[in-house]
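Comments concern the structure below.
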Amino acid sequence: MTVQLLTQNQNKLANKFLLTTHQYHLMHEVGVFQEGDRIELINGEITTMSPIGRKHATCVARLNAIFTNRLFGKAIIWPQNSIRLNDNSEPQPDIAILKFRDDFYEEGLPTPEDILLIIEVADSSIDYDREVKAPLYSAAGIPEMWLFDVNKKAIEGYSQPSANGYKLIRRYDENDILSILAFPDVTFNWNELAK
């Protein structure tokens with residue numbers, strides 16, 4: 001009897017219903033979610049995002065100011081907004097650096113072709129960002145991702161995307177100089193980013 005129940009439960013999990021981004025947006029439109037719900041669509045599943053702590057919020061605000069200052073007129077800084085990776089994933093990275101467009105993406109969410117760099121900031125979600133989001137961004141062809149661990153004051157850089165994950169992972173340390181692949185002449189000091 002136990003084996004039969006276990007098999008039935010496994011079959012139910014294997015046959016779960018996955019949402020498309022269109023269905024996800026329809027759910028928003030009809031009010032399924034409440035204002036302020038921290039959710040995102042990852043691989044067809046609605047995922048609850050971790051609450052934003054003080055260290056996380058401070059880091060995102062600092063990075064937003066630094067990137068806005070350095071890339072003004074060259075790129076659009078897209079903080080904590082959705083991006084559309086494919087028909088089943090619409091994550092909300094902490095910051096996305098986008099190709100500059102005069103309409104500021106009014107006609108539709110940014111897609112992988114628009115994204116130059118993804119930045120994820122983690123205080124409690126470091127494993128999720130490494131094991132779920134980084135492979136998702138890589139499979140979508142996002143050229144570069146930076147992961148900030150606010151507890152360890154560590155920065156990891158991911159590049160060379162592939163279907164199996166980023167091929168190059170680099171840890172940046174104090175006094176290192178970082179630059180975005182799309183703007184190699186625009187540099188950032190580790191100390192200003194990871195205060």
Side-chain angles (χ1 to χ4, degrees), residues 5 8-65 67-68 71 75-142 144-151 158 161:
L5 287 175
Q8 287 173 347
N9 286 338
Q10 287 173 336
N11 287 339
K12 285 180 185 176
L13 289 175
N15 295 322
K16 61 185 167 184
F17 182 82
L18 300 178
L19 298 173
T20 65
T21 54
H22 177 70
Q23 292 164 327
Y24 180 63
H25 282 269
L26 288 175
M27 292 171 77
H28 273 285
E29 289 172 18
V30 299
V32 171
F33 310 116
Q34 294 181 18
E35 186 72 30
D37 281 351
R38 291 193 32 82
I39 57 172
E40 57 188 352
L41 185 67
I42 303 292
N43 295 321
E45 297 182 49
I46 298 171
T47 304
T48 303
M49 298 168 66
S50 299
I52 296 176
R54 180 185 47 80
K55 287 187 210 175
H56 184 284
T58 301
C59 184
V60 171
R62 181 177 51 257
L63 294 174
N64 186 37
F67 281 90
T68 298
L71 297 174
I76 293 174
I77 314 307
W78 192 259
Q80 297 181 327
N81 291 320
S82 295
I83 58 174
R84 185 168 188 237
L85 296 183
N86 55 45
D87 198 38
N88 295 101
S89 292
E90 196 171 290
Q92 289 183 16
D94 289 303
I95 297 177
I97 309 299
L98 309 176
K99 292 178 182 174
F100 188 84
R101 279 188 14 191
D102 290 333
D103 73 343
F104 289 84
Y105 296 89
E106 183 179 6
E107 297 301 317
L109 290 175
T111 61
E113 297 76 31
D114 304 310
I115 301 166
L116 304 172
L117 170 67
I118 291 287
I119 298 173
E120 289 289 359
V121 175
D123 49 7
S124 62
S125 64
I126 192 81
D127 292 335
Y128 181 74
D129 290 334
R130 274 192 195 117
E131 296 166 17
V132 176
K133 291 186 110 176
L136 184 69
Y137 297 144
S138 180
I142 306 298
E144 189 172 16
M145 177 186 139
W146 292 358
L147 178 59
F148 286 69
D149 182 337
V150 295
N151 295 315
Y158 297 76

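None of these values were measured; they are calculated from a predicted model.
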Taking the side chain as C-beta and beyond, is there a heavy-atom pair between [X] and [Y] under 4.5 Å?
| X | Y | answer |
| --- | --- | --- |
| Ile42 | Tyr128 | yes |
| Pro91 | Tyr137 | yes |
| Ile97 | Ile77 | yes |
| Leu41 | Ile46 | yes |
| Asn151 | Asp123 | yes |

Can you tell me how far [atom2] of [Y] sits from [atom1] of [X], rounded to the nearest 0.5 angstrom?
| X | Y | atom1 | atom2 | result |
| --- | --- | --- | --- | --- |
| Leu147 | Tyr158 | CG | OH | 5.0 Å |
| Leu18 | Ser89 | CG | OG | 10.0 Å |
| Leu117 | Trp146 | CG | CH2 | 5.5 Å |
| Gln23 | Asn88 | CD | CG | 8.5 Å |
| Leu98 | Ile115 | CG | CD1 | 6.5 Å |
| Phe148 | Leu63 | CZ | CG | 4.5 Å |

Side chain of [X], backbone of [Y]: donor and acceptor closer than 3.5 Å?
| X | Y | value |
| --- | --- | --- |
| Ser138 | Ala134 | no |
| Arg38 | Thr48 | no |
| Thr111 | Arg84 | no |
| His56 | Val121 | yes |

Distance-only donor-acceptor check, side chains Thr47 and Glu45, under 3.5 Å: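 Glu45 and Thr47 do not have a side-chain donor-acceptor pair below 3.5 Å.
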Looking only at non-hydrogen atoms, find the nearest pair between [X] and [Y] and report the distance.
| X | Y | value |
| --- | --- | --- |
| Asn64 | Thr68 | O-OG1, 2.7 Å |
| Lys99 | Tyr105 | O-OH, 2.6 Å |
| Pro112 | Ile142 | CA-CD1, 3.7 Å |
| Val60 | Ile95 | O-CD1, 3.9 Å |
| Pro110 | Asp114 | CA-OD2, 3.5 Å |
| Ala96 | Ile83 | CB-CG2, 4.3 Å |

Lys133/Glu40 under salt bridge (charged side-chain N to carboxylate O under 4.0 Å, His left out): CA gap, chis, key distance, verdict: CA-CA 11 Å; Lys133 291 186 110 176; Glu40 57 188 352; 3.1 Å; yes
Aromatic ring pairing Tyr24/Phe33, orientation class (parallel under 30°, perpendicular over 60°, tilted between):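 Tilted: the ring planes of Tyr24 and Phe33 meet at 30° to 60°.
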Glu90, His28, Gln92 screened by side chain to side chain contact (heavy atoms under 4.5 Å, CB included) with Ile39, the one that passes: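 Running side chain to side chain contact (heavy atoms under 4.5 Å, CB included) over Glu90, His28, Gln92 with Ile39 returns exactly one hit, His28.
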